[in-house]
2 protein chains.
Amino acid sequence: MARLSYREQVLRLREDAIVQAVNRLLATKGYDLMTVDEVAAEAGIAKASLYKHFTSKEELAGAAMVRVLDRALAFVDGLRAGPPAAALDQLKAVARWAMETQLQGDMPSLPAQNSTLSASLQANEAYMDRLFDLSNKLGIWITGAQTDGSLNPALPAELVLYTLFARACDPVLGLLKSSGQYTNEQILDWLITTCFDGLGAPVPRSGSRMKAG
Amino acid sequence: MARLSYREQVLRLREDAIVQAVNRLLATKGYDLMTVDEVAAEAGIAKASLYKHFTSKEELAGAAMVRVLDRALAFVDGLRAGPPAAALDQLKAVARWAMETQLQGDMPSLPAQNSTLSASLQANEAYMDRLFDLSNKLGIWITGAQTDGSLNPALPAELVLYTLFARACDPVLGLLKSSGQYTNEQILDWLITTCFDGLGAPVPRSGSRMKAG
DNA sequence: GTCTATACACAGATAGAC
DNA sequence: GTCTATCTGTGTATAGAC
């Protein structure tokens, strides 16, 4: 890759600041309530200048999603390069990373309902590529865990994938945090539990015998 | 209760039509994308007339939430009046009812983030009363199920309640439905499973012995 | 109470000077 | 590329006749 000129590096930094602002605003207010004026103000730049970098609000959202998907992929690739582990544990690690990101107010979340936004995202190659890549890598672990019996094989892999994505933005996290009664670690542990083991009572997974009833 | 005059009955019917329109629009487009013009058009009424019945968009949302909470309470009261059943099964029945409602496009969902909307709802007595009532009735079953060991007693009851509310609007449902590959019954069964038993492999709850894993 | 027509505010996007 | 100033569309809410 060619070395960037000084001017290009400055450009990159500014765009990074913009996307970071978008990311934070998407995490706190959501897409509809986020205004381009706010983004410009947060990035310390005039709105018209912002539109030289990104041609629409939807493109801003796309850039924020690309950013978070890149982070997720980096985390996943780190796991893959690390010591071997059970597929289920890898999935739990990814889920925990996503929830931590949300707790830190760094997980952008978009409305699934806005049709023009969805269309814009599906036309966004950078976004679609990363989404595809991440889905595939998670898919390997999902089918692996279903094969070794640690994930319910009766569930479609697609459902598991959707559920993991959904839990990354689970509003329950924000509700528990705002109640102020629990530590972040408690919240994370509980949500990982309810995601993988459900609300039901824990059952010993080996060796011990249950009472009937 | 006093009998309503003919004129009052007509009024009631019209307001019912309005709230029903709001309900459907909130379920499909969400609060921010729903416009008062659409509501008026759907209800077959002029916008100015609509504002004679409800003084703001937020009040419209409140009325829709009151409507769905009333339906939920009616369902819960039906269960309480019916044959005795395990607390866990009652909770599952309520969760399934909520998911069915969502599947039918009849579950309004509001953004948790919009601060002015939240404030308006918290000032809405009719809404708060019903929310309180429903939470209490569900709370009885939750603590009951935790006591009899069918729900994980390590989880705060508050977390269980939030999770049930959140699953009533779970976006996973819409994603699976739009994939078009599954029947509504399959989707409901799977989501009830993942909610109460998690994504993990099912474990026999009594009598049989597991292999060590 | 219902309508048509309109006021008002605000957000997305642009023009044009520097 | 950055800025100030502005255009344009749209959405909530209201005025005023009937």
Side-chain angles (χ1 to χ4, degrees), chain A residues 4-19 21-22 25-26 28-64 110-111 113-121 123-124, chain B residues 4-19 21-22 25-26 28-64 110-111 113-121 123-124:
Chain A
L4 296 175
S5 72
Y6 173 74
R7 199 163 280 268
E8 280 165 335
Q9 287 186 44
V10 171
L11 193 84
R12 228 19 110 74
L13 281 179
R14 177 140 296 186
E15 295 194 344
D16 244 41
I18 295 172
V19 176
V22 172
L25 287 168
L26 281 184
T28 55
K29 318 188 65 168
Y31 181 78
D32 294 312
L33 267 60
M34 176 186 86
T35 69
V36 179
D37 292 80
E38 283 173 325
V39 176
E42 185 109 357
I45 199 180
K47 184 161 61 165
S49 309
L50 193 157
Y51 272 98
K52 298 281 183 183
H53 295 274
F54 301 91
T55 66
S56 72
K57 183 182 178 183
E58 287 167 356
E59 199 177 307
L60 283 175
L110 301 180
Q113 305 165 323
N114 185 329
S115 56
T116 76
L117 179 56
S118 311
S120 157
L121 280 178
N124 185 330
Chain B
L4 296 175
S5 73
Y6 172 76
R7 198 163 281 271
E8 280 165 334
Q9 287 185 43
V10 170
L11 194 84
R12 230 18 111 74
L13 282 177
R14 176 138 301 184
E15 295 193 344
D16 244 40
I18 295 172
V19 177
V22 172
L25 287 168
L26 281 185
T28 56
K29 318 187 66 167
Y31 181 79
D32 294 312
L33 267 58
M34 175 186 86
T35 71
V36 179
D37 293 80
E38 283 173 325
V39 177
E42 186 111 357
I45 199 181
K47 184 162 59 169
S49 309
L50 194 156
Y51 272 98
K52 297 282 183 183
H53 295 274
F54 301 90
T55 67
S56 70
K57 182 181 178 184
E58 286 167 357
E59 198 177 307
L60 283 175
L110 301 179
Q113 306 164 322
N114 186 328
S115 55
T116 77
L117 178 57
S118 311
S120 156
L121 281 178
N124 185 331

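Please read all numbers here as calculations on a predicted model, not as lab measurements. Order of the sequence lines fixes the chain letters, A, B, ..., with proteins taken first and strands second; residue numbering starts at 1 for each chain.
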Got a list of protein N/O to nucleotides 13-15 of chain C N/O distances below 3.5 Å?
residue, atom, partner, partner atom, Å
C/dA13, OP2, A/Y51, OH, 2.8
C/dA13, OP2, A/K57, N, 3.0
C/dA13, N6, A/K47, NZ, 2.9

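For the pair B/I45 and B/V39, the minimum side-chain heavy-atom distance is 4.5 Å or more. Within the 4.5 Å cutoff, the side chain of B/L25 has no heavy atoms near those of the B/L33 side chain. Between A/V22 and A/M34, the closest side-chain pair of non-hydrogen atoms falls below 4.5 Å. Proximity of A/P111 to A/D32: side-chain heavy atoms (C-beta onward) are separated by under 4.5 Å at one or more points. Taking the side chain as every heavy atom from C-beta outward, A/T35 and A/K29 never approach each other to under 4.5 Å.
Note on residues 47-61 of chain B: pairs passing salt bridge (charged side-chain N to carboxylate O under 4.0 Å, His left out), not counting sequence neighbours, are B/D37-B/K47.
The CD atom of B/Q9 sits 14 Å away from the P atom of C/dG1 (whole-angstrom rounding). Here D/dT12 presents its C1' atom at 15 Å from CG of B/L33, a figure rounded to the nearest Å. Regarding A/L25, its CG atom lies at a distance of 13 Å from the P atom of C/dA11, rounded to whole Å. One atom, CZ of A/F54, and another, C1' of D/dG1, lie 14 Å apart when rounded to the nearest Å. Rounded to whole Å, atom C1' of D/dT12 lies 14 Å from atom CD of B/E59. Atom CG of B/L60 and atom P of D/dG11 are 15 Å apart (whole Å). Spacing between atom CD1 of B/I45 and atom P of C/dT4 amounts to 12 Å, rounded to whole angstrom units. For the pair A/K52 NZ and C/dG12 P, the interatomic distance rounds to 19 Å; values are reported in whole Å.
Among the nucleotides C/dA11, D/dT4, D/dT2, the one closest to the side chain of A/T35 is C/dA11. Proximity note for A/L11 (side chain, C-beta onward) versus D/dG1, C/dT2, D/dT2: the nearest is D/dG1.
In this structure, A/R7 reaches neither bases nor backbone, as no heavy-atom distance under 4.0 Å exists between it and the strands shown.
Using a 4.0 Å cut-off, some side-chain N or O of B/S49 falls inside it from OP1 or OP2 of C/dC3. Taking side-chain N and O atoms only, A/R14 has a distance below 4.0 Å to OP1 or OP2 of D/dT2.
Under the rule for a side chain to side chain donor-acceptor pair (under 3.5 Å), A/D16 has no partner lying at least two apart in sequence or in another chain.
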